[in-house]
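FYI, side chains are in, hydrogens and waters are out, and symmetry mates aren't considered; it's all heavy atoms of this structure. To find a chain, count down the sequence lines: A is the first, B the second, and so on, and within it residues start at 1.
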Amino acid sequence: MSHKMFDVAIIGAGPGGISAAARASQRNASHVLLEASDRHANTIQQYQKGKHVMAEPCQLPLRSDVEFRAGDRESILDKWEQTISNTEINIRYKAEVRSIVSKNDAFRIVLKTGQSLSTKNIILALGVQGKPRKLNVPGEEYPFVQTSLESADAYHQETIVIVGAGDSAIENAISLCSDNRVIVINRRNDFSRAKESNMNRIIKAIEIGQIECFYETTVDQIQQNPAESQMPGRIVLNTVDDVVAIDCHRIITRLGAIPSRKLVESVGVSFSSEAADSPPQLSQYYESNVPGVYVIGALAGYPLIKQALNQGYEVIEHLLGNPVKPADHPILQEKLKALPFGEDVDDRLMLIRQHLRLFREINPLNLRELVMMSKMTTYRHGEVIFSEGSYCSTFYNILQGKVQVQSEAGKTLTLKQGQFFGESSLISDRPRKVTVIADDDCILFETPPRIIKKLMRIEKSVRYGIDQVSILRSLNRLLRPIPKDIVRLIAKQTKIHRFAMGETLFQEGDCSDHLYLLRSGSVTLSRKNGKKNDVVGYYAADSFIGLMGLTENNHRLVTAQATVATEALSIPFADFNNLLTSNQKLRDKIQKETQNQLAKIPRMQAEPERGETLAYLMDHGLGQATNVLIIDESLCIGCDNCETACATTHQDVSRLDRKAGPTFNSLHIPASCRHCEHPHCMLDCPPDAITRLESGEVVINDDTCIGCGNCEDNCPYDVIQMTQLNQKLSLLDRLLGKKSEPTPKIAVKCDMCMDLKNGPACVNACPTGAAIRIHAEQAASSVNKILP
Amino acid sequence: MHQSFIRYKNYRYAVYATMLSFVVIIAYVLDAPYQPVNGGTFLGYTLGTLGAFIIVFLMWLGVRKRSYYSSLGSVTGWLSAHIYLGLALFLIATLHSGFQFGWNIHTLTYVLMCLVIGSGCWGIYTYLKYPSLMAQFRNESSHTEVSENLRDLDQQALRLATSIDKQSHELVADAIRRTDIGASLWAQLSAKDGSKLMINSDKQSTDTANIVDNKEQHALIVTLAGKLAGSTNVDEITSIQELLEITGNRAALLKKLQKEKQLQSLLQIWLFVHLPLSFALLAALAIHITTVFFYW
């Protein structure tokens, strides 16, 4: 095999790889499909049994020799298995690639087995799961050692050892422990690598003896158990002070994965940024900067199965000299029809690049995706594009015409072709601060927040462009009436800082040389009082923080801590003080603000329960809630009418759990969606089924949800459940005795009863007024309120 | 932050009900009928009709509470109106009667109405008193946490007992199975601990067993203490000591749950009086109105 020169070697037998190999085999191209494991489509194999796999995006046509239609995991995997065996795909299992070396316009691939092969082209279809990290101890290859858990229901009354302390290890341990003896091996002495909710679950399970855990323990070796046939395995552990051997039925190693990116980089392929999810730089035919190396599928930034299948097909056709128009071509053609310039798709894409300077430097594939996911909308003169106060984070670029931006202060600003707007809400996820009206008839390029945020992560030029303009506009708005040229000078000295939840912006007593202007998130201020810290204030986006240091010989009076992920602009005091001396009006404004902040401190300290309540609310993530259900336990009679109302109005599934959740000072926060400012659930929704409505609600579309469970995993407040819903039947169908078929499991959560005239049913149905839904700031201000 | 059904919209319905009461009192004082004051005068009929409509409106709360799609105000508002109009009803109906009472259906209706209003006042008292008592009692732990804690203690106790011997396992499992802190409403109200335990009267044989009272897990604690006193094995002693401690914690938690259940049932018991009386009132009212037509 090593003498033969293949036209193409495809690495990874996922959907992209299989599709490429199937096309190559149809076209009689010499090819080889290399798969590291002993089965195809590993990511899908690891799905739970019977999981329904959706075929999103539905508007994209499928172009592949591999059949694919929405259905359960098993039927899809069977079809692909059939494709592999029925077509003449040259697949090699257990062929893990060790290295790839480029040599005279060809590549030499060396496998772990020591074999090597030569190829003219390589298609990397590795996915993003990576390969499971190994223990690297003797005995790892025994059949009772596995790296994944397909279904916890398959094991009963077994002794199972789980090695690892991350989220997947914990989730496996919890799901197995009700019916098995589970022993967790943790290299460290805590579970701090895991999500907080998982950490709490496992610690509790260990406390009550449901799960056993060895801390600071490593695996020495794995052996076959000579004594007992019932338990085939034995794991030898090095604990802190002893060597322990445990007999077991199976061992599951969950040590995370080695990202595929390393192998890709070793070939010389460069990525667009350091960000973990940044895709490699690719041409429009998915070719990387290394000629002959192509990257497709999730690793190329396309997480959906259909995209990978199409790309496999397209790359092979391109290699054979029959470049086909990408599968998204007809969609782009339809979309771009509305534009008054350019002739065909490519021409129009080029003109968009020319018109919109923000996107001038981005990769052609990213541009295609951007256009595909964006909308081109024409607005008539005088039409309102969005109004102040509406919740919407869509990002706008002006393709043609002009718009008027009207701020609350009555100022108007005109933006022209090539400029963008809407960046403030995009960054802060807060309601619009301005109203924008079409000045001429204009064409706007409207991009959903998820797409532009992804682009900001992977394209440096886009992030830089948006950041610079946003700093300037924020300063202009908040430092009014300072002249623009001075603001421009200050903007040059201004830096953007990002703080994770719980991170400290500054400590009480620190020397200070700059103040912060919050542009997203929120912070709590606290002050030492003996041994404890008193919370003395809560400030959200658009507030100045650190003003108090300004008047106190540059020593911080308080400690500022981010209650949620927060972005702040820092302005050096020296520049700011110069500004204040030159502008009386601004000085008065800032002095008033400082006075208010200072006055709050002694009052909050005099009534510590206010601060404690505030701290409790912030500790439970209220800082990012735009609408949270809070129950006053001193009024709640426990009738559960809130849950009944919720279930009745939502296909018999209550979206709130009254009894769950924390309580402090009679304030109970039940498990129910808070419609976060930066919704965690929206971060990774492959079909974009979660959206934020203009009125602020974060909602899941039942029809497009693919049931992947990412949102449920990402929600830190456990308010999303994966469940089956009964289909809605018309009255006629019901009269005809038709029974509703349950949907596949999909994600459901509170939608704030957006269809009900009277607002949330839970609040409306509460007889005693115990249940209210409010914004975090309302909650904070009613706690924070200074009595006259 | 929250506004209770009493303070709803700054006492909106309290104000309306007070205004209505003043109008009714003034009308009564100013009214000078040809006949003796009673329900049959013009004002009497007017007040009667008003009262009947109010009663129907008050009863409609039950319908509104279950109309989850309704956009007709919030249930808190309805309850607030229910309370204040209910109180005003006492005045309206009393003035409607013209203070004429006797042994007849009319007075029966009046008495039933008074009982309904009285039980309603009891309801207001319980709604204002017990929820905060319960909240204080739970002491910041949520319902789910309390029941989870109990489940955890059960599991810990079982695990420990299993590690001691089969007999202890059966004993603890039986104690858990027969734990009863109020299945019936009466048991909940009286906070009666009906827990039982099956104990082998003859230590050697399992054939003869007695079911004894295990109030506050006392019998289990005594049995375990006996076992501890008789044990010589160090490991077993440690395990039993631990099991005793857990049983003690479990008994304390059960007591807490029992108290919570008691408060919860005290919160609901008034409805068992208020609702049947309301329907009785509605029936009596129907008869009262029908018979009144015979006077015409």
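In this structure, chain A has a heavy atom under 4.5 Å from the side chain of B/R64, while its backbone stays farther away. For a residue to count as touching a neighbouring chain, one of its non-hydrogen atoms must lie under 4.5 Å from one of that chain's; by this rule A/I630 touches chain B with backbone and side chain alike. At a 4.5 Å heavy-atom cutoff, the contact between A/L756 and chain B is made by side-chain atoms alone. Only the backbone of A/A770 has a heavy atom closer than 4.5 Å to any heavy atom of chain B. With a 4.5 Å cut-off on non-hydrogen atoms, B/Q3 touches chain A through its backbone but not through its side chain.
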**Prompt:** Going through the distances and angles, do B/T179 and B/Q217 end up as a side chain to side chain contact (heavy atoms under 4.5 Å, CB included)?
**Reply:** CA-CA 8 Å; B/T179 296; B/Q217 303 297 303; 3.7 Å; yes
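Side-chain N/O atoms of B/H169 and B/T162 include a donor and acceptor closer than 3.5 Å. With hydrogens and angles left out, the side-chain atoms of B/D165 and B/S168 include a donor and acceptor closer than 3.5 Å. With 3.5 Å as the limit, one finds a donor-acceptor pair spanning the side chains of A/D632 and A/S634. A donor and an acceptor atom, one from each side chain of A/D179 and A/Q157, are located under 3.5 Å apart. A/S522 and A/T563 are linked by a side-chain donor-acceptor pair at a separation below 3.5 angstrom, with hydrogens and angles left out of the test.
Two residues are said to be in side-chain contact when any heavy atoms from C-beta on lie closer than 4.5 Å; B/Y127 and B/I6 fail this criterion. Counting heavy atoms from C-beta on, the side chains of B/L89 and B/M113 come closer than 4.5 Å. Annotation: side chain of A/Q210 is not in contact with side chain of B/D152 (no heavy-atom distance under 4.5 Å). Looking only at side-chain heavy atoms (C-beta outward), A/D247 and A/T159 stay at 4.5 Å or farther from each other.
Between B/L243 and B/A157, the shortest heavy-atom contact is CD1-O, 3.5 Å.
Proximity to chain A at a heavy-atom threshold of 4.5 Å picks out B/Y69, B/S70, B/S71, B/L72, B/G73, B/S74, B/V75, B/T76, B/L79 from residues 69-85 of chain B, in numerical order. Of residues 255-272 of chain B, those residues with a non-hydrogen atom less than 4.5 Å from any non-hydrogen atom of chain A are, in numerical order, B/Q264, B/L267. Near-neighbour residues of residues 636-644 of chain A relative to chain B, defined by a heavy atom under 4.5 Å from a heavy atom of that chain, comprise A/C636, A/I637, A/G638, A/N641, A/T644.
Here B/K129 pairs with B/Y125 under the side-chain hydrogen bond (donor to acceptor under 3.5 Å, both in side chains) rule; sequence neighbours left out.
For B/Y8 and B/F5, the ring centers are positioned 6.0 Å apart or more.
Salt-bridge annotation for B/R177 and B/D174: present, with a side-chain N of the basic residue lying under 4.0 Å from a carboxylate O of the acidic one. Look at A/R181 and A/E212 and you find a salt bridge, because one of the NZ, NE, NH1 or NH2 atoms lies within 4.0 Å of a carboxylate O, short of that distance.
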